[in-house]
Asks: 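Pasting a structure below so you can have a look.
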Amino acid sequence: MEFNEITEAQDRLVQKSRALAGLSLGELADTLQLNVPSSLKREKGWVGMLIETALGATAGSKPQQDFPELGIELKTIPLSFDNLPLETTYVCYAPLMGNHSITWETSNIRNKLQRVLWLPIQGEREIPVNERLIGTAFLWQPSAEQEQRMKVDWEELMDMICLGRVEQITASIGEVIQLRPKAANGKALTSAIGEDGAVIKTRPRGFYLRKSFTAEILCV
DNA sequence: CATTGATCATAC
DNA sequence: GTATGATCAATG
């Protein structure tokens with residue numbers, strides 16, 4: 001079997017996720033006996049958790065794929081009326097310390113993005129959460145060209161982190177992957193390498209996929 | 001109005 | 001604090 005062919009088990013998950021197409025979040029929540037928040041303001045991850053529950057992803061906060069046995073990462077993506085991504089896509093935390101031996105090939109971000117099951121969902125804020133419709137899920141594996149673009153960005157960002165320049169990284173760096181704060185609030189601090197090589201305290205950062213990149217993925 | 005930086009809930 | 005799930009909202 002070719003490395004990028006889909007196994008029967010993987011296909012079962014895809015079919016199961018595709019069966020959700022056309023349902024509203026409210027309808028799906030009803031079948032799972034879950035309450036729908038009137039706003040996502042205080043439950044930003046609610047949609048993702050709903051879909052995880054519906055598809056039987058093993059709940060937890062492990063730094064791994066949602067379906068490790070299938071090698072599949074699940075991502076919901078909010079779409080505008082024009083079917084364009086409304087938000088960037090968070091992937092994982094960025095290691096700010098002890099990362100000198102990590103390569104793109106051994107990185108957590110690459111592991112997660114190797115195979116992603118995307119679930120497009122209406123995300124316009126004017127649509128009540130319970131009325132938002134689920135779209136057609138699809139499995140994505142980055143092309144060699146797409147993976148190369150991600151690798152270039154990742155290496156640039158990791159180089160800056162390793163060289164003690166994390167404070168100089170802004171979200172404008174990176175063509176397809178960007179680095180942004182990722183924390184409960186501004187008080188959260190973690191260790192990183194400072195300009196002079198000493199350990200400093202800074203806000204935790206995470207890797208995100210730019211909207212332009214996920215838009216490209218959606219149109220394939 | 002798109003983007004960057006900040007934030008919310010939860011588990012451990 | 002780390003890590004999961006992300007979207008909010010101030011800013012340029």
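Naming: A, B, ... by sequence-line order, numbering from 1 per chain.
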Asks: Does any donor-acceptor pair link the side chain of Tyr90(A) with the base of dA3(C) at a separation under 3.5 Å?
Replies: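 Answer no: no donor N or O sits under 3.5 Å from an acceptor.
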Asks: Do any N or O atoms from the side chain of Gln178(A) and from the backbone of Ala171(A) form a donor-acceptor pair under 3.5 angstrom?
Replies: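 Yes; at least one donor-acceptor contact below 3.5 Å.
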Asks: Checking all strands, does Gly48(A) fall into the base, sugar-phosphate, or nothing category for heavy-atom contacts under 4.0 angstrom?
Replies: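 Sugar-phosphate, backbone atoms only, no base.
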Asks: dG5(B), dT4(C), dC8(B): which one has an atom nearest the side-chain heavy atoms of Lys44(A)?
Replies: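 From the listed options, dC8(B) comes nearest.
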Asks: In whole Å, I'd like the distance from the CZ atom of Phe81(A) to the P atom of dC1(B).
Replies: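 In whole Å, dC1(B) P lies 14 Å from Phe81(A) CZ.
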Asks: Extract from the structure each pairing of a protein N or O with an N or O of nucleotides 9-12 of chain C at less than 3.5 Å, listing the distance.
Replies:
{"unit_1": "dA9(C)", "atom_1": "OP1", "unit_2": "Lys41(A)", "atom_2": "NZ", "d": "3.3"}

Asks: Report which part of the nucleic acid Lys112(A) touches: base, sugar-phosphate, or nothing (heavy-atom distance under 4.0 Å, all strands).
Replies: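 Sugar-phosphate, backbone atoms only, no base.
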Asks: Which residue lies toward the 5' end of DNA chain C, Glu73(A) or Lys187(A), if each is placed at its nearest nucleotide?
Replies: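 So the residue in question is Lys187(A).
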Asks: At 4.0 Å (heavy atoms only), tell me whether Arg210(A) reaches a base, stays on the sugar-phosphate, or touches nothing.
Replies: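 Answer is sugar-phosphate: Arg210(A) comes under 4.0 Å of backbone atoms only.
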Asks: If you take any heavy atom closer than 4.0 Å to DNA chain B, which residues from residues 152-170 of chain A end up in contact?
Replies: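 Thr170(A) - these, ordered by number, are the residues of the stretch whose heavy atoms sit under 4.0 Å from the strand.
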Asks: Not counting sequence neighbours, list each pair that qualifies as a ring pair (Phe, Tyr, Trp, His ring centres under 6.0 Å) and has a residue in residues 74-98 of chain A.
Replies: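 Matches after skipping sequence neighbours: Tyr90(A)-Tyr208(A).
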Asks: Looking only at side chains, do Gln146(A) and Arg149(A) share a donor and an acceptor under 3.5 Å apart?
Replies: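 Side chains of Gln146(A) and Arg149(A): no pair found under 3.5 Å.
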Asks: Give the nucleotide from the list dT4(C), dA9(B), dT3(B) with an atom nearest to the side chain of Lys211(A).
Replies: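 Nearest to the side chain of Lys211(A) among the choices is dT3(B).
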Asks: By the 4.0 Å heavy-atom rule, please label Gln65(A) as base, sugar-phosphate, or nothing.
Replies: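 Nothing, no nucleic acid heavy atom in range.
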Asks: Given that Glu43(A) and Ile173(A) both sit by DNA chain B, which one's nearest nucleotide is further toward the 5' end?
Replies: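 Per heavy-atom nearest nucleotide, the more 5' residue is Ile173(A).
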Asks: Give a yes/no answer on whether the side chain of Thr76(A) brings an N or O atom under 4.0 Å of OP1 or OP2 in dG5(C).
Replies: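 Result: no.
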